[in-house]
Visitor: 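Before anything else, here's the structure in question.
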Amino acid sequence: MFIINFNFVKPIEEVNRFTEAHRIYISEQYNTGKFIIGGPKSPRTGGIVIANCDSEEEVYEILDKDPLIQKEVAEYSIIEFTPVMSTTDLNHYHK
């Protein structure tokens, strides 16, 4: 699994121009099960997504098509981790 940490690199007004396209795009990733949960940071300087992808390369492929990344208003970092504990609702994500 992966933690995706989005950081805005342009003023929020510019980010807002692409937020709807971003949300439409990432909703496709939730529908396929590649993204599990996510949302904006508080304060709104970016966002966090937990992804259930098979590889880091797959995460890069998905993110490189994200409108916020394509329009260069956000950057991201990725942290890979292995889940070993969760609520019972998420037990199926354990390795």
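What you see is a predicted model, and the numbers here were worked out from it, not measured in a lab. Numbers for residues simply follow the sequence, beginning at 1.
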Visitor: Is Tyr30 reachable from Ile48 through a run of I, L, V, M, F, W or Y residues, each pair having side-chain heavy atoms under 4.5 Å apart?
Guide: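 Different clusters: Ile48 never reaches Tyr30 through Ile, Leu, Val, Met, Phe, Trp or Tyr contacts under 4.5 Å.
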Visitor: Is it the case that atom CZ in Arg44 sees more than 12 heavy atoms from other parts of the structure closer than 6.0 Å?
Guide: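 Atom CZ in Arg44 is packed in, count exceeds 12.
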Visitor: Hey, is CD on Glu28 packed in by over 12 heavy atoms from elsewhere, all under 6.0 Å?
Guide: yes
Visitor: Heavy atoms, side chains only, cut-off 4.5 Å: are Arg17 and Val73 in contact?
Guide: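 Not touching, per the 4.5 Å side-chain cut-off.
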Visitor: Check the hydrophobic clustering (I, L, V, M, F, W, Y; side-chain heavy atoms under 4.5 Å; chains of links allowed) and say if Ile3 and Ile37 are grouped together.
Guide: yes
Visitor: What distance separates Phe2 CZ from Ser55 OG, expressed to the nearest 0.5 Å?
Guide: 6.0 Å
Visitor: Rounded to the nearest 0.5 Å, what separates atom CD in Glu58 from atom CD in Gln29?
Guide: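 It comes to 8.5 Å.
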Visitor: With rounding to the nearest 0.5 angstrom, report the OG to CD1 distance, Ser86 to Ile36.
Guide: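 If we round to the nearest 0.5 Å, Ser86:OG and Ile36:CD1 are 10.0 Å apart.
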Visitor: Can you hop from Phe8 to Ile78 via hydrophobic side chains spaced under 4.5 Å?
Guide: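 Looking at the clustering, Ile78 is in a separate group from Phe8.
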Visitor: Let me confirm one number: the CD-OH distance from Glu57 to Tyr60, rounded to the nearest 0.5 Å.
Guide: 8.0 Å
Visitor: Looking at Lys34, I want to see if its NZ is surrounded by more than 12 non-hydrogen atoms of other residues, nucleotides or ligands under 6.0 Å.
Guide: yes
Visitor: I'd like to know if Leu68 and Val59 are part of one continuous hydrophobic network [Ile/Leu/Val/Met/Phe/Trp/Tyr, side-chain heavy atoms within less than 4.5 Å].
Guide: no
Visitor: State whether the number of non-hydrogen atoms from other residues, nucleotides or ligands found under 6.0 Å of Glu14 atom CD is greater than 12.
Guide: yes
Visitor: Mind running side-chain contact (heavy atoms from CB on, under 4.5 Å) on Glu72 and Val9 for me, showing each step along the way?
Guide: CA-CA 8 Å; Glu72 299 179 346; Val9 295; 5.8 Å; no
Visitor: Heavy atoms only: give me the nearest Ala51-Ile4 pair and the separation to one decimal.
Guide: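 Looks like CB-CD1, 3.9 Å.
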Visitor: In Å and rounded to the nearest 0.5 Å, what is the CD to CG distance from Glu75 to Asn5?
Guide: 11.0 Å
Visitor: Looking at Lys41 and Phe6, would you say the former's side chain and the latter's main chain have a donor-acceptor pair under 3.5 Å?
Guide: yes
Visitor: Within the side chain of Tyr76, is there an N or O that forms a donor-acceptor pair under 3.5 Å with the backbone of Ile69?
Guide: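 Checking the backbone N and O of Ile69 against the side chain of Tyr76, no donor-acceptor pair under 3.5 Å is found.
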Visitor: Identify whether Phe18 and Ile24 are in the same connected component of the hydrophobic contact network (ILVMFWY, side-chain heavy atoms under 4.5 Å).
Guide: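 Unlinked, Phe18 and Ile24 end up in two clusters.
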Visitor: Might you work through the side-chain contact (heavy atoms from CB on, under 4.5 Å) test for Ile62 and Phe35, ending with a clear yes or no?
Guide: CA-CA 10 Å; Ile62 291 169; Phe35 287 4; 3.8 Å; yes
Visitor: What distance do Gln70 atom CD and Leu63 atom CG have between them, rounded to the nearest 0.5 Å?
Guide: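 That separation rounds to 11.0 Å.
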